[in-house]
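Below: the structure, in structure tokens.
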Amino acid sequence: MDAPTLPSVDEVWRWLDAVPDPEIPVISVVELGIVREVAYDGDTLVVAVTPTYSGCPATAMIDLDIEAALRGHGVEKLRLERRLSPPWTTDWIGPDAREKLRAYGIAPPVDGTAADGRLALRAARLSGGNAAVLCPRCGSPDTQKVSQFGSTPCKASYRCTECLEPFDYFKCI
Amino acid sequence: MAALLDTAIDRASLFEFLLRMGDNALVLGHRVSEWCGHAPVLEEDIALANTALDLIGQTQLWLGLAGEVEGQGRSADNLAYLRDAHEFRNLLLVELPNGDFGRTLMRQFLFDAWHLPMLKALAASSDPRVAEIAAKAVKEVAYHVERSADLVIRLGDGTEESHARMQAALDELWPYTGEMFLSDAADEAVAAAGIAPAPASLREGWRDTVAAVLAEATLKEPAGAYAHKGGRSGRHTEHLGYILAEMQFLQRAYPGSTW
Ligand SMILES: [Zn+2]
């Protein structure tokens, strides 16, 4: 009896690109940058996933969604691995995904603004947040940070002083 | 590294060190999570919950590795839920009751100002498993210290009432900070192996950070070098027992239960 043909790694990447992030369903787990590797160990498909934040409660849900999607495509031998290194960074969210975030109402990460714990930057942030965060609704640069943490660990709360709408900012990490 | 850990004594030192990292994150994470639903404003409630979440996530990584290093088949959950108070290795500072919002933030800042440089040093650990956990956690903790420093300054240099509360919090917590820089044989063993920095090496940077923030907050650094100690070797205040009673109840009452 012939062994069934295993799906190619490229095909698996395409399937994974159709698995939405459970908390931000307009982008896929691949676009979020958390799928780090797809490979075969013998005839077992191995998918390496990295957490966004170490305590992100969506991690278990994401693993479940990935497994369900791949099982749905007929994958029988599957192993999900957690990969910590290199640690996840918002740099891995590509331009297309950033545009999808913006259209969904979440301001995309502004590169180079990750916290590094240096308190010298404090004054700038205190006096109204980072001006480079544009309002996802009206595009105004006149925005203010309300809180460093928003509805999920990966987001901060902002408000626009032009159109007055509150919004989430996908903070840089 | 591999050769070093062949000896049981060094494995015991690494296990001890990992428990200290994990227990600090676990106990502080639990304390901070007590604010959920009680913070003065919604944004702060969410921020506190997210900080707690980061710390609990880091706990899973540190205690998971501790169990692996110990080699007795204990998981992160086993270590969190099935040890008694004398087996916990956290600093006394993190088990102290929350007090008011200002005191919670002051404790967070005093801890964060130590936690960040500790994780930065650990990111260059000779043990790659330690380094990768630290490299992950350091990004989260960089946000913690920026926030706690901001709030210490705002509240310290705030109203008469908020200033007085922050000074009282600082005076009360200050004697609990010295424990962060003490060392014992386990610390010396992991430092000699290049796994972790010697605790005392972090003191100067911590003092600089704290002094700068307190000055901007118009708060006065307390005099006196007395340090409460014992948490790192399992001698705790009465407060830890109450935390564990709440945290461990389910696993104690229904052993082995899972979601
Ligand atoms: Zn706007």
Side-chain angles (χ1 to χ4, degrees), chain A residues 23 34 36 48 50-61 64 81-92 109 113-130 144-159 166 168-169 171-173, chain B residues 25 29 33 39 41-62 64-65 109 112-113 115-117 119-120 123 128-129 131-154 208-210 212-213 216 259:
Chain A
E23 283 175 340
I34 58 175
R36 302 312 303 157
T50 198
T52 51
Y53 282 70
S54 47
C56 183
T59 306
M61 177 64 80
L64 220 61
E81 286 182 355
R82 183 191 68 189
R83 182 162 303 171
L84 278 187
S85 184
W88 180 77
T89 163
T90 38
D91 294 351
W92 293 342
T113 58
D116 65 358
R118 268 185 305 166
L119 304 174
L121 301 171
R122 199 190 66 82
R125 274 187 307 276
L126 259 187
S127 65
N130 193 319
Q144 278 183 336
K145 184 169 80 179
V146 177
S147 173
Q148 195 186 81
F149 294 93
S151 55
T152 63
C154 57
K155 287 176 261 160
S157 297
Y158 269 69
R159 76 175 143 238
D168 271 342
Y169 164 56
K171 67 189 181 225
C172 213
I173 191 171
Chain B
S33 76
V41 289
L42 181 61
E43 286 77 9
E44 289 309 322
D45 204 290
I46 292 171
L48 287 162
N50 273 299
T51 303
L53 201 57
D54 284 344
L55 290 167
I56 299 299
Q58 293 165 18
T59 302
Q60 286 174 329
L61 301 175
W62 290 124
L65 180 56
F109 169 65
D112 291 343
H115 202 195
L116 183 73
L119 292 171
K120 280 184 175 168
R129 299 168 301 178
E132 74 174 14
I133 294 173
K136 180 83 199 156
V138 76
K139 291 169 160 236
E140 297 160 0
V141 170
Y143 275 105
H144 297 177
V145 70
E146 290 193 1
R147 174 172 172 278
S148 60
D150 272 0
L151 286 167
V152 164
I153 292 166
R154 285 196 203 191
D208 290 348
T209 304
V210 169
V213 168
E216 208 177 329
W259 294 113

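Every chain is numbered from 1, with letters handed out A, B, ... down the list of sequences. What you are looking at is a predicted structure, and each value in this text was computed from that prediction instead of being measured.
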Whatever's closer than 4.5 Å to a heavy atom in chain A on B:Ile133 counts as both
Honestly, the part of B:Leu61 sitting under 4.5 Å from a heavy atom of chain A is side chain
- Backbone N/O of A:Ile34 and side chain of A:Thr50: donor-acceptor pair under 3.5 Å: no
*asked:* Closer than 4.0 angstrom, basic N to acidic O: yes or no for B:Glu44 and B:Arg147?
replied: yes
All N/O donor-acceptor pairs, side-chain side in residues 51-58 of chain A, below 3.5 Å, sequence neighbours left out:
residue : atom : partner  : partner atom : Å
A:Ser54 : OG   : B:Glu140 : OE1          : 2.7
A:Ser54 : OG   : B:Glu140 : OE2          : 3.1

Honestly, the part of A:Thr89 sitting under 4.5 Å from a heavy atom of chain B is both
Residues passing the side chain to side chain contact (heavy atoms under 4.5 Å, CB included) test with A:Ala156, sequence neighbours excluded, are A:Tyr158, A:Tyr169, A:Lys171
